[in-house]
Structure formats: C-alpha cells, structure tokens
A.B. asks: 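Below are the structure tokens for one structure; questions will follow.
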Amino acid sequence: MAKPLIVCRDLSIIYNKGKSNEFKALSGVNTDIYEGEYIILFGPSGCGKSTLMYSIQGSLPPGEGTLLIRGDDIYSYPPSERVYFQRYVMGIIFQSFNLIGSLSVLDNVALPMIFCNADKITRDRRAQSLLDRFGVGHVSHKIPAMLSGGQQQRVSVARSMVNDPKILLADEPTGNLDSVSTQQVMDKIDEINTFDRRTIIMVSHNAAHLSYAHRVYYLKDGVIVREVVNPQRKQIKPVREGETIVTELEQLARLFPYDSIDTLRVKSIVNFLTQDITFDQLSRLEHSTELFIKGKIDREAFVDSLVLPFERGGVEIPEKQAKKMSQIADRMIHQADDIRRFRAKKDNAGVFFSQHKLAERLRDHVLNMYNLKLNKEQDAHLVEMIADRVTGVIEDEQFNERLLLSVKNRGLGLTEKEADDVTRYFEKIIAQGVDVSYKN
Ligand code: ADP
C-alpha cells in the first residue's frame, strides 16, 4: 500500500514558548496526506490553518509530536538541505501575491531558478512558457503593478511551479480576488492537481472551494475537528474495505461547513422527522429557488427544475408538489416586494404607497392565503396589527397574541392554530421583504 507523503502525528505548534505571551496554535494534530491529493485546510480565521501549512512548508518546527515528509523529519535536515527541500519540493502561493514590484513579471517568475544554476535563456524560456500556460504570457514584460489582481495571482501560480515542485501550498490564494479571477485561479490550481498530478494543500475559509478537494480537514481552535471526504472525487487515500466513504453527515458537513458535529446530527434528525426530501435535493431546491428569486428563471422553468430527475440535475419531486411550491414561492416573493417597496418608499407603479394601504394589501394576502372570513371590526383590527408589525411597533409574539385576543379587546379571536399559521406566514413575508441590514 502506498505510504502517505506527509504525516503529522500529535503535532502541536506553540508560539512564543516560555514567554508570557505563549500561545498553542495547534494541538495534537494528526494528518495523512497522500501524493496527488488535493487537501483543503478549512476553518474560521485564527483556527490554525496557516500555522499547519507553514509547519509543513518547513518554517515552523513542531513543539510536540512529529512531522514527516516522504518519511523524513525535514526539521532535522542541515540548513542547506532544508533550503533545497523548500526550493524544489514545495511551491507556494500567497494571498497577497508577494511579487517583487521592481522586477518584470518574467523576472519574478524566473527568479527562483537563479539559485539552481540555470542560464538566463533557459530561465526565461521556462518562465515564459509557464506564463503562457496560465494566460499571462502577453504581459510578461510589464511590472506587477500594471496587472489586475487576478493576473498577478496567475503570475504567482506560474512562479510557484517554476522549479517543478512536488507539493503546492496555497495560503488563501483567492482571498483578494473578485469572483471571476477567483474562478480562473481555482481552475488553474485544479489543473495542476489533476493534469500535473501535484499534491495541493490549500488554506481556505471559502465553502465554495470545498468541492475541488479530495479531502477537507476542518480546524477549530487549533484542533482538527473532522475530516471530510469529497464523494465527487475518486479517492487517493486508501479506504479500508467496508468503511463507509460517504455518510449523510459528511455530505451535511460540506453544505454547512461551519457547524459542529452535534449541530449536523440535529439537522440530520430534524430533516428525517420533517421532510421527505434528502439534503442533496434540498440543496438543489435552494439553488433553483435562488435563481427564481433573482428572476433568472421564470415560474415555468422553476417548476421544470423541480420535477427534472435527479441524475439530470433536477430536484426530482412530484409535479403536483412542484407546482404548489412554485405557487407559494411566487406569492411570497410578490407579497414581500410590497414590503420592500414600502421600505424603499417607492412604488414601481408610481403610486405613493402609504402605510395604511400597504397594511390593507398585506391583509388581503393573508386572508387569501388562509381563507379567513372576517367581519368589519376584525378586518380593521388586522390592518392595524399588520401596520404595527411592519413598522416594528410590535414584535412577532405580540402580533401572535393579538390574533388570539377577543375582538372586543381589539384582537381577532382566532384559534391557536390559525394564529400560529398566520404569524408564521406573515413573518416569512416580512423576512423576505426586509434586508438584514435594516435590522442593524
Ligand atoms: P488561520 O490561518 O486559521 O487564520 P493562523 O494559523 O494564522 O490561523 O493563527 C492561529 C492562531 O495563532 C491565531 O490565534 C493567531 O493569532 C496565532 N498566531 C499566528 N501567528 C503567530 C505568531 N507569529 N505569534 C503568536 N501568535 C500567532
């Protein structure tokens, strides 16, 4: 069986050891990383991701435990051998590019080859071919400041590959980039893994990146709290026979990367108790709903995406259910638009939208939704409560209480179930119609 390329055993890293500001940034970390794997070190800021990466890179010796690369303790190497290791075995990409501003792009990429006795023609030829490969060959004569962030990062990808390293380390490589450049850089790194078969270790706190990796180590407070296998990539790390590769919890961990194992267990059980669709379907449903809310697909296309078989990218739910869902979603979006327009103090139709008028329209929505028949007095009370709730004079609980109150006490006299249903629906509309920033 293949041996792991990088092994950490009970690895701890302590900053400022023995001083008053001593800090244990990693504690008892165990990893086995195999040649050709794409590994993401994931977790919130300050959890120790970079510390682990720079320890593997040879810059932070273990305080406790061991770190072996290709079976060797790199920290026992004499200095010249450690430098050789850092120069030829590891390539590195930084969040802030770290290009030398006074050198041309070509010279930046060729620079690491100076130390390996290659002549200038060889260096320049290799640097130019890498720049061409990563789509920045045409700017090789410029200085870095003349390039966009995305171009600069692709130059640093080229630089990291110039000595043909076995392992590529990337420290939040897209942290400073817009979404288009992020995609380009992620695709190039993916290509280095799948085409050049290099091992990648990337530090990231962007959940969208998780699908690139074979495996993800989740860190929290200096500890690896879980390891998740990506079911969409053929695994390199050997899996023991009979070992489950993908559990629902692993899938959930990819959907909700910041949640603890306990929270994921709760989600799994609640999903089982309340829904007859799986988390995979749920995440597809979310995607389709997002497109619908943003107006990128119409109601018909929304229904189609819900009905489409799962293998063809759909949610795969019965047509009747899909139509009902689309009807409710459509109605909610429209009703929430009323609230949004009211907040923005403008109506597309050009009509001044008074608070009372808004409350009346929302009353119509609610009555329509729940088939409630109200007398004149109840009707007036409902309009008043809705106006109070929309403007924040009362909270959702008070709204609910007033629905339950008798009519002579300025309530509506609904049953508990009716009141709960109306409150829940109404809160949903308000939530859709009010930006979160409004609450701050
Ligand atoms: P991440 O990459 O997950 O954001 P880091 O590995 O950079 O986290 O840092 C982990 C913890 O170690 C943080 O609390 C950070 O403040 C601390 N830390 C990082 N570098 C040093 C250092 N040179 N000296 C002291 N503490 C450090």
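Treat the numbers as computed from the prediction; the structure is a model and nothing was measured. Atoms within a ligand are numbered from 1 in the order they appear, just like the ligands themselves.
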A.B. asks: Which heavy atom of Arg284 sits nearest a heavy atom of Gly314, and at what distance?
C.D. replies: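 Nearest heavy atoms, Arg284 then Gly314: NH1-O, 2.7 Å.
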
A.B. asks: Which residue and atom name correspond to the protein heavy atom nearest atom 8 (O) of ligand 1, and how close is it?
C.D. replies: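 The answer is Gly48 N, 3.2 Å.
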
A.B. asks: So which heavy atom in the protein is nearest atom 2 (O) of ligand 1, and how far is it from that ligand atom?
C.D. replies: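 Ranked first by proximity to atom 2 (O) of ligand 1 is Ser50 OG, 2.6 Å.
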
A.B. asks: Evaluate the 4.0 Å heavy atom contact test for atom 15 (C) of ligand 1: does a protein atom fall under the cut-off?
C.D. replies: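 False for atom 15 (C) of ligand 1.
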
A.B. asks: Which of parallel (below 30°), tilted (30 to 60°) and perpendicular (above 60°) describes Phe42 and Tyr218?
C.D. replies: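 It falls in the perpendicular class, over 60°.
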
A.B. asks: Before signing off on this row, confirm whether Phe23 and ligand 1 have an N or O atom pair separated by under 3.5 Å.
C.D. replies: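 So ligand 1 has no N or O lying under 3.5 Å from an N or O of Phe23.
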
A.B. asks: Report yes if some N/O of Ala25 lies less than 3.5 Å from some N/O of ligand 1; otherwise report no.
C.D. replies: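 In this structure, Ala25 places no N or O atom under 3.5 Å from an N or O of ligand 1.
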
A.B. asks: Measure the spacing between CD of Glu316 and CG of Leu285 and express it to the nearest 0.5 Å.
C.D. replies: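 The CD atom of Glu316 sits 13.5 Å away from the CG atom of Leu285.
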
A.B. asks: Using the ring pair (Phe, Tyr, Trp, His ring centres under 6.0 Å) criterion, which residues pair with Phe85? Sequence neighbours excluded.
C.D. replies: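 Here no residue qualifies.
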
A.B. asks: May I ask whether Cys47 has any heavy atom positioned less than 4.0 angstrom from an atom of ligand 1?
C.D. replies: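 Cys47: in contact with ligand 1 (<4.0 Å).
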
A.B. asks: Any nitrogen or oxygen of Val203, main chain or side chain, under 3.5 Å from a nitrogen or oxygen of ligand 1?
C.D. replies: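 It does not: no N or O of Val203 is found under 3.5 Å from an N or O of ligand 1.
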
A.B. asks: Provide the number and element of each atom of ligand 1 under 4.0 Å from a heavy atom of Pro44.
C.D. replies: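 The list of qualifying atoms is 3 (O).
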
A.B. asks: Going by the order shown, which atoms of ligand 1 are within less than 4.0 Å of some heavy atom of Thr51?
C.D. replies: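 Every atom of ligand 1 under 4.0 Å from some heavy atom of Thr51: 5 (P), 6 (O), 9 (O), 10 (C).
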
A.B. asks: Among all protein heavy atoms in this structure, tell me which lies nearest to atom 19 (C) of ligand 1, with the distance rounded to 0.1 Å.
C.D. replies: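 Answer, as residue, atom name and distance: Tyr15 CE1, 3.4 Å.
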
A.B. asks: Can you tell me which residue and heavy atom of the protein come closest to atom 4 (O) of ligand 1, and the distance to 0.1 Å?
C.D. replies: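 Protein heavy atom with the smallest distance to atom 4 (O) of ligand 1: Gly46 N, 2.7 Å.
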
A.B. asks: Is Asp107 salt-bridged to Arg123, cutoff N-O under 4.0 Å?
C.D. replies: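 The answer is no: the pair does not qualify as a salt bridge.
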
A.B. asks: Where does Leu52 meet ligand 1, judged by heavy-atom distances below 4.0 Å: at the side chain, the backbone, both, or neither?
C.D. replies: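 Answer for Leu52: neither.
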
A.B. asks: Step by step, would you call Glu290 with Lys294 a side-chain contact (heavy atoms from CB on, under 4.5 Å)?
C.D. replies: CA-CA 6 Å; Glu290 186 185 340; Lys294 288 183 173 164; 2.8 Å; yes

A.B. asks: Should the pair Tyr88 and Tyr84 be assigned to parallel (<30°), tilted (30 to 60°) or perpendicular (>60°) ring geometry?
C.D. replies: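 Tyr88 and Tyr84: tilted rings.
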
A.B. asks: Ignoring hydrogens, what is the shortest heavy-atom contact between Gly36 and Ile236? Give both atom names and the distance.
C.D. replies: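 Gly36 and Ile236 have their closest heavy atoms at O-CD1, 3.1 Å.
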
